[in-house]
Amino acid sequence: MEDCLAKKMEITVSEAEKRTGRNAMNIQETYTAYLIETRAVESQSEGQCAPVESLWRRYSEFELLRNYLSVTYPHIVVPPLPEKRADFVWHKLSADNMDPDFVERRRIGLENFLLRVASHPVLCQDKIFYAFLTQEGGWKEMVNETGFQLKADSRLKALNATFRVKNPDKRFTELKHYSDELQSVISHLLRVRARVADRLYGVYKVHGNYGRVFSEWSAIEKEMGDGLQSAGHHMDVYAASIDDILEEEEHYADQLKEYLFYAEALRAVCRKHELMQYDLEMAAQDLTSKKQQCEELATGTVRTFSLKGMTSKLFGQETPEQREAKIKVLEEQIQEGEEQLKSKNLEGRDFVKSAWADIERFKEQKNHDLKEALISYAVMQISMCKKGIQVWTNAKECFSKM
Amino acid sequence: AASAPKPLPSSGPKSLREMPHPLATSSSEEMGLALTPSPDLLLPRSIADKDLSLPNGTPVDTSSPASSSSLLNRLQLDDDLDVETRDLFVTVDDPKKHVCTMETYITYRVTTKTTRAEFDLPEYSVRRRYQDFDWLRNKLEESQPTHLIPPLPEKFVVKGVVDRFSEEFVETRRKALDKFLKRITDHPVLSFNEHFNVFLTAKQGMALLSKMGESVKYVTGGYKLRSRPLEFAAIGDYLDTFSLKLGTIDRIAQRIIKEQLEYLVELREYGPVYSTWGGLEVELSEPLEGVSACIGNCCTALEELSEDMTEDFLPVLREYILYAESMKNVLKKRDQVQAEYEAKLEAVALKREDRPKVPTDVEKCQDRVECFNADLKADMERWQNNKRQDFRQLLMGMADKNIQYYEKVCFT
């Protein structure tokens, strides 16, 4: 296993800044720029720290990078970017892209993206990726020069086209089905979680009203006054605690979101395979029909009905010279076709092999990450409960002193 | 009737019973006429060697649960006296539905155990319906106007949504009726009221009595007073604010319950999604199922919390609001008595008659006013104490419930 970039270099997205500038259409716009800092990891014996290099990138550049990677490495499950727009929000969270909380979470997401790419055995070696991290000027031009844009357009079309493959690979079909299901279940989960967060917020906040009333009530009481007053304070603490709790939960939601988008990447790989398979089948079909045509011309028998055959029957036969010429053309085409088919087959087999290797890697990563995410979610819930117990125990003590 | 007050059994309360009323004039006869048949038992004020505490508002230390059944316990400052000196026990249970041609209603069994001499038998068991309780309360108010009568649960079901024959409603009402009778039982004066006796013992004729019962005409409107003693004005203000605050707390608690239920609805959908996901996965299916199950447990725990709040917390709040209402009415009556007294005084002054002494009826009025005031103050003190204990219990209970909920959720 080669050393991936992540081991040789520290990468962070350390800051985010609001900027205004002119976009491609020369219209003034506001956007957020992110500071990428890198530092080569020196061997420890040197005891020196390499200097930190940094440059600014905006979200659209990240998108460009990812598009490039997806097109260039279609057999790889390419790590996803954090969401472009705030989705699955519950009422307190803002859906505004400029909202500082959203920007902060996005910053973390972008850093995560870079780390994932840097630790991928194949992707980390890509030159464009390296340049993204280290070369501020002229990077966009570099990307465009690879000509990937053409491939990108055709890929986009193909991904959305409908066609039927005659002999689909069962494994890929299952995987595609799985990725569809995963997307659907995670979206559902995120939607419900947002509603749950909303409701929980409501419950906690209403308790804050107790604080106010207890305070007012304590003013008219004699012995009960102190107890009520301090209990009211604890109710206020309780109501305020929900903000932190839910902020932490957003982090969990982000982890789930990453895998929601990962499922999309997985699906893309399966789709690519389908495409290749279809391509292969079409090429094989074409070859077969050409061979058939050749045979017919050579033997003079018409096996299958064809309009050409009919017209030639109607308008007279061809001369032997014409036929010879046709046969020659066809034979050339057939040879070409056979070679192409061979290489396509090879390509297909290679694709399957490397894709499957990456898929296995991805599966392991997914299981590991999600297990950790679930565990930390459980830990969060427990800590929330412990806080709840603390507050109510304190309140109870106050009440007992009434 | 003018001479001897009702005879009492030989157990504990007797020692307090023999003490004269602090504001009584020298003639016990006059006392007997002007006042209710049995004097107020909150007498320690005049007894030099007894420790004075309650009227000053100093809490009486007690470790027993704060239900009104231990009221007597708190009143008695003598360390020798304890719960075992209680001689009257009343319980309300066993609700039953009766279907008749004209109506359908619920009756409750009222069981009495006693060693008091006013009762012919040591044990009674009778069936009573709500209107009988209502009759009792009205009679008590009429015959003991200077005392605070505990409240009854609401007569009519509000909002029309609640089914008055549902188990929950009946149980809530039963608890409230039980509390009502226990408070009377523990009251040193009210428990000896003849109407109470009738209520506890009459086998027949109760229905007739209660059906024909007159409702007490509450005093509405204010009375013109020269000067309402400051303390009563303060009590009035306090009660107003108190009811307000309790009302707010009631609304907040209801809102919390509502929000919790809505949260519950979402949680119920949340859990199964993890389960579905678990079905998709291989390695992750166990942890995912685990999360799903935990969420299920949370739902159950939350349900229990909401139920407990509705059944235990809210009714007590409402009870105290009703209590405050009835107390305000008593204050009004006190005002009425004072007004009468002042009117009479004025009348006498206007007549400018040369009388050697102020006419007896004016004197009687004066007594009434003063006794009323004293009774009221005493009752207020006691009520404050009870209330404090009750609320303490209540809020601690609420805190406990919440703690339990969190513990349940935690340890799944």
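Every value quoted in this text rests on a predicted model; they were computed, and no experiment measured them. When reading the values below, keep in mind they use all heavy atoms of this one structure, side chains included, and skip hydrogens, waters and symmetry mates. First the proteins, then the strands, lettered A, B, ... as listed; each starts at 1.
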For the candidates A/K205, A/K371, A/K363, which exhibits the highest count of non-hydrogen atom pairs separated by less than 4.5 Å from chain B?
-> A/K371

Non-neighbouring partners of B/R251 that pass salt bridge (charged side-chain N to carboxylate O under 4.0 Å, His left out), sequence neighbours left out = none

Select, from B/L264, B/I257, B/I249, the one with the greatest count of heavy-atom pairs under 4.5 Å involving chain A.
-> B/I249

Do B/E269 and A/H188 meet the criterion of a side-chain donor-acceptor pair at a distance under 3.5 Å?
-> yes

Do A/Q365 and A/Y262 have side-chain N/O donor and acceptor atoms under 3.5 Å apart?
-> yes

A/E249 side chain to A/Q381 side chain, donor-acceptor N/O pair below 3.5 angstrom | yes

Segment of A/L189 engaging chain B (4.5 angstrom heavy-atom cut-off) | both

Under 4.5 Å from a heavy atom of chain B, the part of A/L256 involved = side chain

How about A/H207 and A/Y204: are their ring centroids closer than 6.0 Å?
-> no

Side chain, backbone, both or neither: which part of A/L182 has a heavy atom under 4.5 Å from chain B?
-> both

